[in-house]
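The structure presented is a predicted model; accordingly, all values stated were derived computationally and were not measured.
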Amino acid sequence: MKKFTLYVGKMILLTLLTAIGLDVIYTTIYTSSLSKRTKVQQSMSIKSQEFDYILLGSSRVIHHIDPTVLNKTYQIKGLNLGYAAAQSNELYLMVQSLIDNNNKIDTLFIQIDDNWNSELPSQLAQVSFMPFLRNRAYRDNYLTLGFPYTLYYYLPFYRYIMNEPKIGFREVMMNLFARESRADKTLGYIGSSPSSFRGKQDVDYTLVDSPNRNFAKIDSVCHKHNIHVCYFTAPYYRPQGSNAILNNYLGDYKDFSTAYDDIKLFNDALHLNATGAEQFTKDFGAYYFGHR
Amino acid sequence: MLFNSIEFAIYLPIVFLLYWFVFQRNLKLQNLFIVAASYLFYGWWDWKFLLLIALTTFCSWISGVWIGSLRDKATSKSSQVNYAKLITGANIVLNLGILGFFKYYNFFVESFVEAFSLFGQSLEISTLRIILPVGISFYTFQALSYSIDVYRKKIEPTGDIVSFFAFVSFFPQLVAGPIERATNLLPQFFKPRSFDYMQAVEGSRQILWGLFKKVVIADNCAVYVNDIFGQYQTLPGSVLLLGAIYFAFQIYADFSGYSDIAIGTAKLFGFTLMRNFSYPYFSRDIAEFWRRWHISLSTWFRDYLYIPLGGSREGLYKSIRNTLIIFTVSGLWHGANWTFVGWGAYHGLLFLPLLLMGKNRAFTNTVAAGSGLPSIKEFLQMATTFGLVVIGWIFFRAESITEAFAYIGGLLDLQPIKAMTTSLNNERYAFEMLPLILLFVLIEWVSRQSETPLTSGKWLTVRSVVVIAMILMFGNFVDYSSFIYFAF
């Protein structure tokens, strides 16, 4: 029995060492990958650069604003760092990451909608941060949230196992072979081809009338680094909710939610198609940069 | 409680430690502990069905006790036989009746109503909301094997009710087999078990291999299989072929993985269970496939149904009849759906020519034994057998006979391979599963003369570490599913 106990101990130790080894390999591949497949990787790789603007938000930024058009029209330099399902927690982490990397940004455009209601990490979007959990800002943020992040941090390779579909073997191989993502050539914008409208033909939501801790942190850290923050709500198709309370909490806020009523500009109630995005990019640019 | 769950990972070490350190000195207490641990294991799923397994177990035990007491009394041999037949028959009817009610009541009612509707008649018979107790098909057959073996005098009836309860409810094989014979497993409860280091290490490695098959092969294939079978109407033939092949490996890895974990776990406690799978996809014909696939079930049907019906020794007509009965019933055992019956009948039709030509035992050795590669003939035999088995699996997986035929029809819609990757709206491995499956096949090929790739040979620790690494890298712990055979 003693011999078997030693055998079991040996196997547990070998399992732990294997997990540590795999963790090191995976994390190294992610951090040193030449292709920045996720917006999180992109935000971490941008160092000591100067931007006139950066766009942050969810899929309602990725699919809505084309920075190549803005940059060309107004002779400015900017990026679309929106990514799907990002909530306020992820947006704050990206802002912190950009600032920690000594980037100079004139203006941050942050898309706000019902992400105002949540201060917790997005179950989908947080996965992109997991390979970089040892980054100081990310670590400090997630460890305060407790389980399961403490397990992700302290148990080697555990975060890769539990998020395998998004950051597992396949994605590691994509990073290893520097496979570009779709948005690499368009500065982060991904246009959606027009197709028949899907789903409900309106959007119903209610915003909580209380401050959001993460957006408050964004304001604070941007103020410290002389970054102007402009909040906006991208267009919906026939929104039933009201964004009025955001004026009470956000300094510079513009509501574009009811800008368009033409169904041909939308793929669904939340997202413009490429035609709609083209129009919105034009209107967005005219509003914010038209004075140039 | 699933084998690949945190609960089992906590449960097993506790049971192991208590078994060897607290209860080892007293055999009766140790067996009682196995009963308690097994009932806890089973009750974790639904405690209400503990009464059912207890009833099945008690009825089988008491039938043996009665038969034994009859033999002890000075009654005539013919009345002994008659009473023994009556008792055994009653036990069989009772247990199969319970199994039939829980598993087949709604199926037969629905089929009856549908058959009547073909004649333009409608019947007002309603189905019941019946929950199928996990493992009922397995433990019922296991308990019945004891009754029948006692009747046939292959085993002495036991008065040791604790050992018998432990035999029927033994948790490693309780819910999905192997279906143990009383002649093999029951005597192991009568003898004191002493801890055997090599057996325990072998058991650990077998558990590891079973876990690999389940979480790496089976659960990853399942993601694609569900996607493909769920939208087969819109997919090209090449993708449907992929789906069928993935399912072949899903069900093999799932079921044999469970069996490996069960057998390996039993070894940790000093028990030897029968082998349930012997590399069935390396079979050279269907007869060999059935000697290598779900061995405990196929031998159960052979010994308790096929041979009593006369086997193949009572003329051509009975040989054909008995073969088709065996395979059809075997199909029905798997589930209450005509697809399982169709699957069984399909295999029966494939087996029949071999039986009638006297070629059903043509291949009893290991393919390409002593040689690294199969001959071209052997390769073609294995490929053909595998292809026939894959077609059968389509029936097994489909929701209905119509869907199965539609799926097979869809296989003929051949489009370029490129259609494969674009058709599957799945962020996971797509065709990248194929190299993993090929690697798995290669590992099994190289190990085909051992019980598992981690059972014997050189560099076992290194191999174990490689398997651990693969479990960590490729294991599906996110959308893990219960074992397929839990549904039977």
If you count heavy-atom pairs under 4.5 Å between each of B:Ile471, B:Val201, B:Val465, B:Ile468 and chain A, which one has the most? B:Val201
Looking at B:Phe33, does the NZ or CZ of B:Lys28 lie under 6.0 angstrom from its six-membered ring centre and within 45 degrees of the ring axis? no
Assess whether ring pair (Phe, Tyr, Trp, His ring centres under 6.0 Å) is satisfied between B:Phe170 and B:Phe189, documenting all intermediate values. CA-CA 10 Å; B:Phe170 189 39; B:Phe189 285 96; 5.7 Å; yes
Give me each pair satisfying salt bridge (Lys or Arg N to Asp or Glu O under 4.0 Å) with a member in residues 17-35 of chain A, each pair once, sequence neighbours excluded. A:Asp23-A:Arg159
Does any backbone or side-chain atom of A:Tyr26 lie under 4.5 Å from a heavy atom of chain B? Answer side chain, backbone, both or neither. side chain
Using non-hydrogen atoms only, which part of A:Leu14 is less than 4.5 Å away from chain B: side chain, backbone, both, or neither? side chain
Report the distance from atom CD1 of A:Ile25 to atom CZ of A:Phe157, rounding to the nearest 0.5 Å. 9.0 Å
Heavy-atom distances under 4.5 Å only: say whether B:Leu268 touches chain A with side chain, backbone, both or neither. side chain
